[in-house]
Structure formats: C-alpha cells, structure tokens
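Notes to accompany the following structure.
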Amino acid sequence: MLEFQPGARAYLLDIHALSTDGDGNEVFVGMTLKESVWYQQYLEDSFSGNADRTDDSQERYLALHDKHEGARQTVIANVHKSIIQ
C-alpha cells in the first residue's frame with residue numbers, strides 16, 4: 001500500500017502520477033503494485049540518505065522511473081487531447 005504525507009497525494013494526482021490498478025490498488029502510473037511500493041520505498045530511502053546503491057537498486061529505480069514517466073506522459077497527452085476535442 002502506498003502512503004503519502006498530507007498534500008502529496010493531491011499533488012501526485014494533479015500531475016497524473018497516480019492511478020488505480022485492476023484490483024483497486026493505488027499505484028504509480030505505469031507500474032504494478034509491487035513496483036510502486038518498491039519505488040516509493042527507494043525514494044524515501046534515497047531522500048533520507050539510506051538508499052543502497054551498491055546493488056542493482058539504482059538501475060531498477062531508473063528503469064521504473066523511465067517506465068513511469070513514459071506512461072505518465074501518455075496520460076497527460078490523452079487528457080490534453082480529450083480537452084482539445
């Protein structure tokens with residue numbers, strides 16, 4: 001389950017970073033629940049200076065980030081396209 005500080009969920013929704021999967025779980029756009037939970041934990045560890053960068057975690061983070069941003073940009077493009085039509 002994803003957990004956010006007050007205001008963070010609203011911000012992430014505003015920038016189209018969150019979605020709901022087929023099971024009703026809140027996820028980062030373009031990710032599974034398992035990926036989303038891992039991604040959020042890695043970000044928290046990174047911001048607190050506790051991220052382990054000696055294993056493949058940083059590469060996994062970058063791959064998930066690229067996957068997420070690609071999916072998020074698609075959502076944004078579709079939202080803008082529907083507004084224009």
Side-chain angles (χ1 to χ4, degrees):
M1 182 169 129
L2 299 179
E3 296 180 18
F4 301 101
Q5 293 294 323
R9 179 174 280 104
Y11 169 73
L12 291 169
L13 289 169
D14 284 346
I15 65 167
H16 303 283
L18 296 178
S19 184
T20 304
D21 69 10
D23 294 323
N25 299 303
E26 188 172 58
V27 295
F28 286 102
V29 170
M31 293 187 204
T32 65
L33 177 60
K34 183 177 178 180
E35 290 170 335
S36 295
V37 169
W38 185 92
Y39 184 81
Q40 183 181 39
Q41 185 61 55
Y42 184 84
L43 285 172
E44 288 176 11
D45 289 347
S46 184
F47 288 132
S48 68
N50 296 320
D52 182 1
R53 291 184 169 82
T54 60
D55 60 9
D56 68 343
S57 294
Q58 187 168 3
E59 288 79 15
R60 182 177 180 195
Y61 162 76
L62 292 171
L64 287 174
H65 180 74
D66 288 346
K67 180 179 174 181
H68 168 63
E69 277 302 306
R72 193 175 77 82
Q73 292 302 319
T74 299
V75 168
I76 291 168
N78 289 336
V79 167
H80 286 241
K81 184 178 178 180
S82 69
I83 291 171
I84 293 172
Q85 294 177 345

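Just so it is clear, the model here is predicted, and its values are computed rather than measured. Note that these values count all heavy atoms, side chains included, but never hydrogens, waters or copies made by symmetry.
Partners of E44 according to the salt bridge (Lys or Arg N to Asp or Glu O under 4.0 Å) rule, which considers only residues two or more places apart in sequence or in another chain, do not exist here. Residues passing the side chain to side chain donor-acceptor pair (under 3.5 Å) test with N50 are S48, sequence neighbours excluded. Take V37 and apply the side-chain contact (heavy atoms from CB on, under 4.5 Å) test, not counting sequence neighbours, and it matches L2, L33. Taking D14 as the reference, nothing meets the side-chain contact (heavy atoms from CB on, under 4.5 Å) condition, with sequence neighbours excluded. For T20, there are no side chain to side chain donor-acceptor pair (under 3.5 Å) partners two or more places apart in sequence or in a different chain. Under the rule for a side-chain contact (heavy atoms from CB on, under 4.5 Å), the partners of A17 that lie at least two apart in sequence or sit in another chain are L12, I15, H68, R72. In this view, Q58 satisfies the side chain to side chain donor-acceptor pair (under 3.5 Å) rule with no residue, not counting sequence neighbours. Applying the salt bridge (Lys or Arg N to Asp or Glu O under 4.0 Å) criterion to R53, with sequence neighbours excluded, gives no partner residue. T74 meets the side-chain contact (heavy atoms from CB on, under 4.5 Å) test with N78; sequence neighbours excluded.
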Could you go through the side-chain contact (heavy atoms from CB on, under 4.5 Å) check for S19 and F28 one step at a time?
CA-CA 6 Å; S19 184; F28 286 102; over 6 Å; no
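The hydrophobic clustering, which links ILVMFWY residues whose side-chain heavy atoms are closer than 4.5 Å, places Y42 and L18 together. If you chain together hydrophobic residues whose side chains sit under 4.5 Å apart, M31 and M1 never meet in one group. In terms of hydrophobic clustering, with Ile, Leu, Val, Met, Phe, Trp and Tyr side chains grouped at heavy-atom distances under 4.5 Å, L43 and V27 are assigned to a common cluster.
Annotation for Y11: atom OH does not count as buried by contact number, only 12 or fewer foreign heavy atoms lying within 6.0 Å.
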Compile the donor-acceptor pairs under 3.5 Å between side chains in residues 59-67 and protein atoms, sequence neighbours left out, one pair per line.
| from | atom 1 | to | atom 2 | distance (Å) |
| --- | --- | --- | --- | --- |
| H65 | ND1 | Y39 | OH | 2.9 |
| K67 | NZ | E35 | OE1 | 3.0 |
| K67 | NZ | E35 | OE2 | 3.1 |

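Residues V29 and H16 come closest through the heavy atom pair CG2-O, 3.3 Å. Nearest approach of G30 to A71, heavy atoms of both residues: CA-CB, 3.6 Å.
The list of salt bridge (charged side-chain N to carboxylate O under 4.0 Å, His left out) pairs with a residue in residues 20-31, not counting sequence neighbours, reads R9-E26.
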